[in-house]
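These notes concern the structure reproduced below.
Just so it is clear: chains get the letters A, B, ... in the order the sequence lines come, proteins before strands, and each one is counted from 1.
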There are 2 protein chains.
Amino acid sequence: MKYSRQREAIYRAVRQSCSHPTADTVYEQVRDENPQISLGTVYRNLNQLVDGGMLTKIAMPYDGDRFDGRMDEHYHMICTGCGKVVDVNLLSLSQLDSEILQKTGFRVSAHHMVLEGTCEDCAARKPSA
Amino acid sequence: MKYSRQREAIYRAVRQSCSHPTADTVYEQVRDENPQISLGTVYRNLNQLVDGGMLTKIAMPYDGDRFDGRMDEHYHMICTGCGKVVDVNLLSLSQLDSEILQKTGFRVSAHHMVLEGTCEDCAARKPSA
DNA sequence: CTAGGTGCAAAGCGTTTGCTCGGGG
DNA sequence: CCCCGAGCAAACGCTTTGCACCTAG
């Protein structure tokens, strides 16, 4: 892959962020140091970086995709209060695939999981929710 | 909710199907007995039925939403070979929420999970995949 | 009679793509 | 020098919405 200043900036923006940004958020941020960049370029590069195994795309239910610089297998939770997206480390899901294979013959190759709920901050802010 | 012939037909179409149809597939099917129906009406009614707790919407990663007449909690797997979407009954996921609450303080209220892989039929058809 | 539903078409939104120009190697 | 990438704008696919007419209750 040929180097470009824009891709470099996009890659850095996602890696440095811990908010699992959307393409649009990356665009906003990258424009600071690169005012001429276009949204199309951001999408193109995000997809290239995903294809190249440098980033992960998170398909959010009912919302635009988000991007993640963490490449180890994990899942995500979205807070219905503030919209924050946080990581879930792999817990008891490891045996799931073999359990499914045994029971259904379906050989799982990827998980797309997003949990929805209320984060600690929002629970503290509004205990009734 | 006021009765309408169209909503009736849409509801029946989703309940009778075991293929987790998209809005468009429902549209195609309902047009047989209701040629004047519009796609907008199909979307409107599907959403009303989901809001009313009569159907579930399945957010497919990287693809249009699908609808499901099964209302008990379960997940879905999509075959990367043939695109078939099948049900996964709840397995060892039940303790996941409390595990997450303990470790992160995030109170889970909903799961959005789609597993990707190869179904038994496709595995038989093309053993190398 | 009237609130809510339909059909139609246009708009919305996130994302992709065709084209021409520019810059990396 | 050549080709991939950038910038721009138009197109795209799925979904929603505004509007005028219709229909269940």
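Geometric assessment of Arg5(A) against the ring of Tyr3(A) yields a negative cation-pi assignment under the 6.0 Å and 45° thresholds.
Neither OP1 nor OP2 of dC4(D) sits under 4.0 Å from any side-chain N or O of Gln48(A). Residue Asn45(A) has a polar side-chain atom (N or O) positioned under 4.0 Å from OP1 or OP2 of dA6(D). The side chain of Gln36(B) contributes no N or O atom lying less than 4.0 Å from OP1 or OP2 of dG7(C). The side chain of Gln6(B) contributes no N or O atom lying less than 4.0 Å from OP1 or OP2 of dT23(D).
Partners of Arg125(A) under the side-chain contact (heavy atoms from CB on, under 4.5 Å) rule, at least two apart in sequence or in another chain, are Asp121(A), Cys122(A). Partners of Tyr43(A) according to the side-chain contact (heavy atoms from CB on, under 4.5 Å) rule, which considers only residues two or more places apart in sequence or in another chain, are Ala23(A), Leu39(A). Applying the side-chain contact (heavy atoms from CB on, under 4.5 Å) criterion to Glu120(A), with sequence neighbours excluded, gives no partner residue. Partners of Tyr11(A) according to the side chain to side chain donor-acceptor pair (under 3.5 Å) rule, which considers only residues two or more places apart in sequence or in another chain, are Arg15(A). The side chain to side chain donor-acceptor pair (under 3.5 Å) check on Glu116(B) picks up His112(A), with sequence neighbours excluded. For the side chain to side chain donor-acceptor pair (under 3.5 Å) test, residues two or more places apart in sequence or in another chain that qualify with Ser38(B) are Thr41(B). In this structure, the side chain to side chain donor-acceptor pair (under 3.5 Å) partners of Thr25(B), at least two apart in sequence or on a different chain, are Thr22(B).
Helix bend of the helix from dC1(C)-dG25(D) to dG25(C)-dC1(D): the angle between its two end axes, each built from five pairs, comes to 30° after rounding to 10°.
Distance, Leu49(A) CG to dG5(D) P: 11 Å, rounded to whole Å. In this structure, OH of Tyr11(B) is placed 17 Å from P of dG5(C), rounded to the nearest angstrom. Per the geometry, CD1 belonging to Ile37(B) stands 16 Å off P belonging to dA9(C), to the nearest Å. If you measure from atom CE of Met60(B) to atom C1' of dG13(D), you get 16 Å, rounded to the nearest angstrom. Between the CG atom of Asn34(A) and the C1' atom of dG22(C) there is a distance of 14 Å, given to the nearest Å. To the nearest angstrom, P of dG14(C) lies 12 Å from CD of Glu28(A). Computed from coordinates, the Glu8(A) CD to dA6(D) P distance equals 12 Å when rounded to whole Å.
Defined by atom type and a distance below 3.5 Å, a donor-acceptor pair is missing between the side-chain atoms of His74(A) and Asn89(A).
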Each nucleotide of nucleotides 14-19 of chain D classed B (base within 4.0 Å of a protein heavy atom), S (only sugar-phosphate) or -, in 5' to 3' order, makes SBBBB-

Side-chain donor-acceptor distances from residues 48-67 of chain A under 3.5 Å, at least two apart:
unit_1: Thr56(A); atom_1: OG1; unit_2: Arg70(A); atom_2: O; d: 3.4
unit_1: Lys57(A); atom_1: NZ; unit_2: Asn47(A); atom_2: OD1; d: 3.1
unit_1: Tyr62(A); atom_1: OH; unit_2: Lys57(B); atom_2: O; d: 3.1
unit_1: Arg66(A); atom_1: NH1; unit_2: Ser19(A); atom_2: O; d: 3.1
unit_1: Arg66(A); atom_1: NH1; unit_2: His20(A); atom_2: O; d: 2.6

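Residue pairs meeting the salt bridge (charged side-chain N to carboxylate O under 4.0 Å, His left out) criterion with at least one partner in residues 35-50 of chain B, sequence neighbours excluded, do not occur; the list is empty.
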Are any protein N/O atoms closer than 3.5 Å to N/O atoms in nucleotides 23-25 of chain C? If there are, list each pair with its distance.
unit_1: dG23(C); atom_1: N2; unit_2: Lys2(A); atom_2: NZ; d: 2.9
unit_1: dG25(C); atom_1: OP1; unit_2: Tyr3(A); atom_2: N; d: 3.3

